[in-house]
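One structure is given here, and the rest of the page talks about it.
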Amino acid sequence: MKNVRVFFKKDFECRYISHLDLVRIITRAIQRSELNIWHTQGYNSRIYLTFSLPLSLGIRSDCENFDIRLTDDAFDISDIPDMLNPFLPHGVKILSVSLPKYPYSQIDSALYQFKISSDDISNLELYSLLSRFIKKPEILVEKKTKRGMRTIDIAPSITEIKIEDFNDNDEDVVFSANLPAGSAENINPFLLINAISDFCNAEIYADITRKNIMMQGGAKFE
Amino acid sequence: MIPKEVEKILLKIQKPGRYTGGELNEVIKDKRSVDVRFAFCFPDTYEVGMSHLGIKILYSLFNSKPYIWCERVFAPWIDMQKLMIDRNIPLYALESGDPLCDFDFIGFTLQYELSYTNILSMLSLGGIPLKSCDRKGLEHIVVAGGPCVCNPEPLAEFFDIFFLGDGEKVDLEVIELYRQCKRENTSRIEFLRRAAQISGVYVPSLYDIEYNDDLTVKSINAKYGAPKKIVKRVEINMDDCYYPQSFVIPNIEIIHDRAVEEIFRGCIRGCRFCQAGYIYRPTREKSVDTICGQCRCICENTGYDEISLSSLSSSDYTQIVSLLEKLHEWASKENVSLSLPSMRVDGFSDDILSKLKSVRKSGLTFAPEAGSQRMRDVINKNVREEELISTCRVAFEGGYSTVKLYFMIGLPTETMDDVADIAHLAQKVVDAYYACENRTKGRAVKVTVSASAFVPKPFTPFQWFGQDTIECMHKKQWHINDTITSRKINYNYHDADTSFLEAVFARGDRRLSKALLCAFERGICFDSWDECFSLSKWLDVFSACDIDPAFYANRHRNFDEVLPWDHLDYGIDKEFLISECQKAYKNITTQNCREKCAGCGAAKFKGGVCYEKR
Ligand code: SF4
């Protein structure tokens, strides 16, 4: 038996698939492939499949991953992408496979790229407003918690916020930011978009991609 | 592909995965490389439409032709519809993201009357003129197939072409004619007139309807050389009939997410209330080898681990035992589970039952349809009480403790005593449980009784029968409720209001198109969804249009009345239906096709059960 970490991309139409449906799709692909997967014991035996960090609906990702457990220790895991990809929709694509290096509990943050635009203001305006926004010492947002809605300040949690150069008004405004992710603290990228939307007083459309999952200290989660 | 404007709204609505396409096995072609673009529209949600077998067959069939690109379109749910209208986003096909108005053919499947308003809202959202007379040029040919085409008159003004019967060949013939007409640059009218010459094609604009003073139909007159009677198409040899090798695999959960294999078309039984039992005659089977081969192929190509065998009354398949044995051998090796959703449980060995998923999982389901034996004779439903009780007994001994019973109320000649017998029959099932020595001790029996309101349908022996009024249905529903005494019986009844509307449209004529249009303009849609349906809104529509819905639903018709669908020929002789109706009123049953041919007329299609050796 060995555990394998499978990295995949979630993109195109498939970014609108909920986490639950994604689990179904991947389970089905695994069953269809000839992979020998260890099944959980007990009454409701399922294949062993766990996900590190569920992605919100509508967000793309270059760095999603799940762990599976193979029954055969000698199996050449580099075959796995070609075994699974034919059975997945084109928006879900297995990129690479490796042996898990770190446990999920080490996950600390995720790096997102945002492409934003608005029908209410020009991209140039948006760009200049955003440049002011990221300098704000305090970013207050409404967050759902176990004890109901609460206003919190997410400014201290956001690191490495960076706007890309902007030269053409036809282009979306692009920026990236590192947000807390994992079991301790989690900030949904849409919270940040809502804050920007409030700040600009305009409806913002955001095309968001999760670029990387990181551990404390900034090392890449593998 | 998702249009840019749609991306902006997808996170504002429920279940965005309905509107994106991008599933495994969806067919993407280069639109410049095809001659004909066909938008296959299902007038209900993605989850309902994607579960439907007909769309899977035709989608694959059309796309197997290099010159056709067939795409899928479903009805957007209310939340999406509203945003699309607000933002001027046209209804688009899932594969290309292109609006409906970019298509040559816009094809609907008519599965149930309560989806008609959705057709209008889909056309309108797609930027297609609603009425066929307002559509010009050789584009936007709006067509339909499916069971409701056997009386499409309420929709006649909106459609250019209806396909009668099996669609596998006639659709392609019409598409071929369209290519030719496009090459010749003919007019739309010319194309439609030529199409009407193809067998199975009904072009409603080529028929004039005259009415009598009492509002009944006086005559139906064909013009421009269109045939007087349009005969349905039949795929007589099911082994040669096209069947897909793979299905589009949805990304989101749908109603039936599994492989489906059709094992035969038609039904030998001749239950007199059942339209499907008549319009799909004669019964035609696929061979065991064909079925096994197709099951294997589909499961391999889709990865489904569940396959459902589809047909009416599946246990009537002549080789059912050897089919199940053969399939089971393969299925257990491949870890595939089998289900037979429409199976009569009687007459099967436990051994076979245990191989079927449906039976294992959902408990026992019976559809006696009526409570008293007399009533079952009237409707020609060949289930005897003793059989039902003895099958239950065997099941109870085998550990079952839940039974579902399906009934109809409002059947012809039905009395309050017949209705009370529904409750009595359920009670007998309860009693049978407690009389059973070997039942699972310590567990209570649960019998669920469902009663739906009968809707008389065209091409059945009850096509002349006036539906019970809603008040009368309610009385009957209460009477069942009052007659049930046991707490072990769980009673639920279906809304009589929707059945009333269904009855209006099922046997309606062309004058109802006005009501449909009016309903659409008032925003009525998704009538088959409880949360959307409102009878009072519909009654307002009818009165605004000066239409008496009872004329269509509740009026008894005479045998000599011209029926709105008299020009459509499904192979069933009217004289046969009349004699069946008369027999019904005398409580006389008719044997099924395998026991004895009743001479319905379907033998003219030259195959199937009519030519089996008895
Ligand atoms: S002709 Fe006879 S055997 Fe054929 S469908 Fe009709 S009743 Fe059945």
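Convention: sequence-line order gives letters A, B, ...; per-chain numbering from 1.
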How about NZ on A/K136, more than 12 heavy atoms from neighbouring residues, nucleotides or ligands closer than 6.0 Å, or not?
yes
For A/K115, does the NZ atom sit with more than 12 other heavy atoms under 6.0 Å from it, leaving out its own atoms?
no
Atom CG of A/D165 with >12 non-hydrogen neighbours under 6.0 angstrom
no
Looking only at heavy atoms, the pair that brings B/P16 and A/L57 closest together is CG-CD2, 3.4 Å
Would you call A/E203 and B/R87 a salt bridge, taking side-chain N to carboxylate O under 4.0 Å as the test?
yes
Would you please test A/F190 and B/L11 for side chain to side chain contact (heavy atoms under 4.5 Å, CB included) and show each step?
CA-CA 11 Å; A/F190 285 111; B/L11 291 177; 3.4 Å; yes
Using non-hydrogen atoms and a 4.5 Å limit, figure out which bit of B/D305 sits close to chain A: side chain, backbone, both or neither.
side chain
For A/K93, does the NZ atom sit with more than 12 other heavy atoms under 6.0 Å from it, leaving out its own atoms?
no
Please indicate whether A/E142 has more than 12 foreign heavy atoms, meaning atoms of other residues, nucleotides or ligands, lying under 6.0 Å from its CD.
yes
Checked A/V92, A/D207, A/I17 vs chain B; the most non-hydrogen pairs under 4.5 Å come from A/I17
Report the option among B/K15, B/E23, B/M1, B/E7 that has the most heavy-atom pairs separated by less than 4.5 Å from atoms of chain A.
B/E7
Take A/Y16 and B/I2 through the side chain to side chain contact (heavy atoms under 4.5 Å, CB included) test and state the conclusion after the steps.
CA-CA 11 Å; A/Y16 295 102; B/I2 318 167; 3.7 Å; yes
If you count every heavy atom of other residues, nucleotides or ligands that lies below 6.0 Å from B/D30 atom CG, does the total exceed 12?
yes
If you measure from CD on A/E13 to CG on B/N251, what distance do you get to the nearest 0.5 Å?
8.0 Å
Do the non-hydrogen side-chain atoms of B/K8 and A/D119 ever get within less than 4.5 Å of each other?
yes
Do A/R32 side-chain atoms and B/C299 backbone N/O form a donor-acceptor pair below 3.5 Å?
no
If you count every heavy atom of other residues, nucleotides or ligands that lies below 6.0 Å from B/K82 atom NZ, does the total exceed 12?
no
Work out which heavy atom in B/G22 is nearest to a heavy atom in A/P89; give both atom names and the distance.
O-CB, 3.4 Å
Could you name the residues of residues 18-28 of chain A that have a heavy atom within less than 4.5 Å of a heavy atom in chain B?
A/D21, A/R24, A/I25, A/R28
Taking atom CD of A/E171 as the centre, does the number of heavy atoms from other residues, nucleotides or ligands within less than 6.0 Å exceed 12?
yes
